[in-house]
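These notes are about the structure you will find just below.
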Amino acid sequence: MRGGPERPTGAATDPALAPRYTPPATDPALASRYTPPVAEPALTLRYTPPATDPALTLRYDRPATDWETESLPIGNGALGASVFGGIHTERLPYNEKSLWTGGPGGADGPYRHGDRALPRPTALDEVRARIDRDGRVPPEAVAAELAGPRAGFGAYQPFGEVRLELGGTSAGPVDDYRRELDLAEATVRVGYRRDGVRHLREYLASFPANVIVVRLTADRAGQISFTLRHRCPHAGHTVTVTGDRLTVRGALPDNGLVYESQLRVVVEGGILTSAGDRITVSGADRATIVLSAGTDYAPEYPHYRGADPHDRVRRAVDDAAGLTWAALRQAHLADYTALFDRVRLDLGQRMPDLTTDRLRVAYTGGDGAADRALEALFFAYGRYLLISSSRPGSLPANLQGVWNTSVSPAWSADYHVNINLQMNYWPAEATNLDETAQPLFDLVEALRAPGRRSALTLFGSPGWVVQNETTPYGYTGVHDWPTAFWFPEANAWLCRHLYDHFRFGRDVGFLRDRAYPTMLEAAEFWLANLHTDPRDGTLVVSPSYSPEHGDFTAGAAMSQQIVRELLADTLAAATLLDRDPVLRGRLRSALDRLDPGLRIGCWGQVQEWKGDWDDRTDTHRHVSHLFALHPGRQLRVLDDPGLADAARVTLEARGDGGTGWSKAWKISFWARLRDGDRARKLLGEQLRESTLPNLWDTHPPFQLDGNLGAVAGMAEMLLQSQHDIIDLLPALPGGWAAGSVTGLRARGNVTVDVWWRDRVATRIVLAAGSSGELTVRSPLLLTAPVVDLDTGRTVAVVRNGPEVTFAAVAGHRYRAEA
Ligand code: FUC
């Protein structure tokens, strides 16, 4: 089979922005004094920041000079910014998630969501017939029949950059520089001493106030001076400065999307003056900058426009400017820690006195406590990134979360739905951040309206569909890149996130009102589109394309596995809700006839295609045919050792390389295969080869999916529940001999804490959110009684090998201890 080439990426840097923005290679004041490695002197600041936990802090001893590899991100879901931490000049590029070109009113002409202008009702049948006849059809030939121009797709845009020229041109000495991202408080801090004065800047993105805040302080009065300017890459914008307020407003030339950002500078002491497009502060004791931004985007088909952002943005900025720094910070911490603090991971790590870039370079993947410190930090950072880039009320995290400085980012920084968007949300439920998945659910529901139109236009069928990638404007049709334009199974893959939310939280209202209607319509699509395979009479997906790889065929493994899961889940949901008996009958008979898409081939591998064509030397980054192993659940490792072996053969052949997200996925594959050492090896490969100095994952370029996929993989090593059994420590590596994790979530509405020594659980605490039977697998339960901590009584359990089953009561906690 031919491997599809990687598509070209967008420009690495933004051509419009780059020439005007190039900072000096290094901050000269610092460069002259920088001799690595330097010990970090303790900061003694008058406005002492709370003691940071070194185990939860990314820290550096110089400012960033490169956005992608070094800047430190903050975000509140809708807004994001990244901190350089310069001494003479501070740069703060920022984003708002809905600032997108493309869609209705875009420069590409009438917007059709990727659908054809004129339907060609016979095109699909012709492709199916050709696949039936020839077995394999090259992507280019299928694209010639079914693809169309990528019109109105658009791209995620940078909003602008706040620049602070800080205090004149003094070339005086600078020392004790420190730049850090404190994950426990979702705060970036930049501290240094210049000309004998200690400066501290703090940065946070508040979800409750919907603002980005910069706080500038020093240990002597009257030392805060700067000139603030704004840069915006979009033609036609205006910058207005009145008093302490700077307003940026415009409409994207491409599609007329209205955008506005405002910032206000609040000073304590000193003088604030404004002129032209700048605000100048001289000799203040302290200053606080608050910024908010918005657009008139609304996630509503067909116009995707809502209220002008002006009032919203102005109110956010004014409300925040009226609060003290202490109050802003307090509200931010209360909001953030309520999410972040739910999970604690102790791998027996000890953070050495090293900056994070050096910690990463020193990483060996061995038994040292410093290696575990990086791993635990990476886990915490991933949860931080998910909280920072995905909160209710805005769009989901895109390929770059919310952070982007380019007007033509790689792959438009879009929503790729042949793995990437889904991977972003793998850790959401398991690491106890299910609120962060709300934007994903909203997007999936918003795809139904345009997706119905795409289903009708291209397939002539009911239901809704989305293809390989999508945008906030409901791009549900096709484009014309032959190896990546076709993936209608994305509708089913996205639905599994809705259903999994129900499986984790047991929220029947959510299942009834949100998950089921969306699943039902996706299932209708597949019931109408499954094709009888003339080879054996089974039902298959055709045309079927294993993501970005090989020829078009009928019944590729991933297609079958994904559709099977959707049909089975929809049947289970309809049964539970006692709905749609006729549909249930149709689902049952389709499932009876559906090709399962799980076959062992001639060299012992799981087959990627229905024909036994896999090439042993193929190391393609997508390992789509193991969907049933992860994130799916049809490949049951303990019940089907033959298929589990075949999955191992496949993974050995594909190798441990790949792009950032590919390595992250392989952590989960090996975790599901219960091989903790191999899972950790993949984590190590990712940290060594696919992680940037600021710990962003790199495909390359920077892509958030790898960060979040790795968190999910680490969680899979510690706890699995895909088969409704709470399976504790299923893939603990030798290097994590002792430790604990608290607050992970298992399907069935259970919160799980577990402590271990010598790789064996010594204490388990389960908090049941719902009443019902729980089945738990852990060797500890062979001997230890299960005690209800709320009644103090030992509960009756049914033992079955290393599994015990007992009746849990909602709100009760259960403990087993060695
Ligand atoms: C999929 C992958 C690419 C890249 C892109 C954003 O198409 O195959 O590697 O991650 O998404």
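Atoms within a ligand are numbered from 1 in the order they appear, just like the ligands themselves.
- Side-chain N or O atoms of Asn694 include one that pairs as donor or acceptor with a backbone N or O of Ser71 at under 3.5 Å.
- Looking only at distances, a side-chain donor or acceptor of Thr691 sits under 3.5 Å from a matching main-chain atom of Gln686.
- Close approach to His622 involves these atoms of ligand 1, each under 4.0 Å from a residue heavy atom: 2 (C), 8 (O).
- Taking the six-membered ring for Trp and the full ring otherwise, the centers of His234 and Tyr259 sit less than 6.0 Å from each other.
- The ring of Phe441 has its center closer than 6.0 angstrom to the ring center of His501.
- The N/O atoms of Trp661, backbone and side chain alike, include one that comes under 3.5 Å of an N/O atom in ligand 1.
- When non-hydrogen atoms are compared, ligand 1 lies under 4.0 Å from neither the backbone nor the side chain of Glu469.
- A centroid separation of 6.0 Å or more is found between the aromatic rings of Tyr425 and Trp493.
- With a 4.0 Å heavy-atom cut-off, ligand 1 is reached by the side chain of Leu399 but not by its N, CA, C or O.
- Considering backbone and side-chain N/O of Arg621, one or more are found under 3.5 Å from N/O of ligand 1.
- In terms of polar-atom proximity, defined here as any N/O pair under 3.5 Å, Asn420 does make such a contact with ligand 1.
- The pair Asp656-Lys681 counts as a salt bridge, with a side-chain nitrogen and a carboxylate oxygen less than 4.0 angstrom apart.
- Here's the thing with His699: one of its N/O atoms is less than 3.5 angstrom from an N/O atom of ligand 1.
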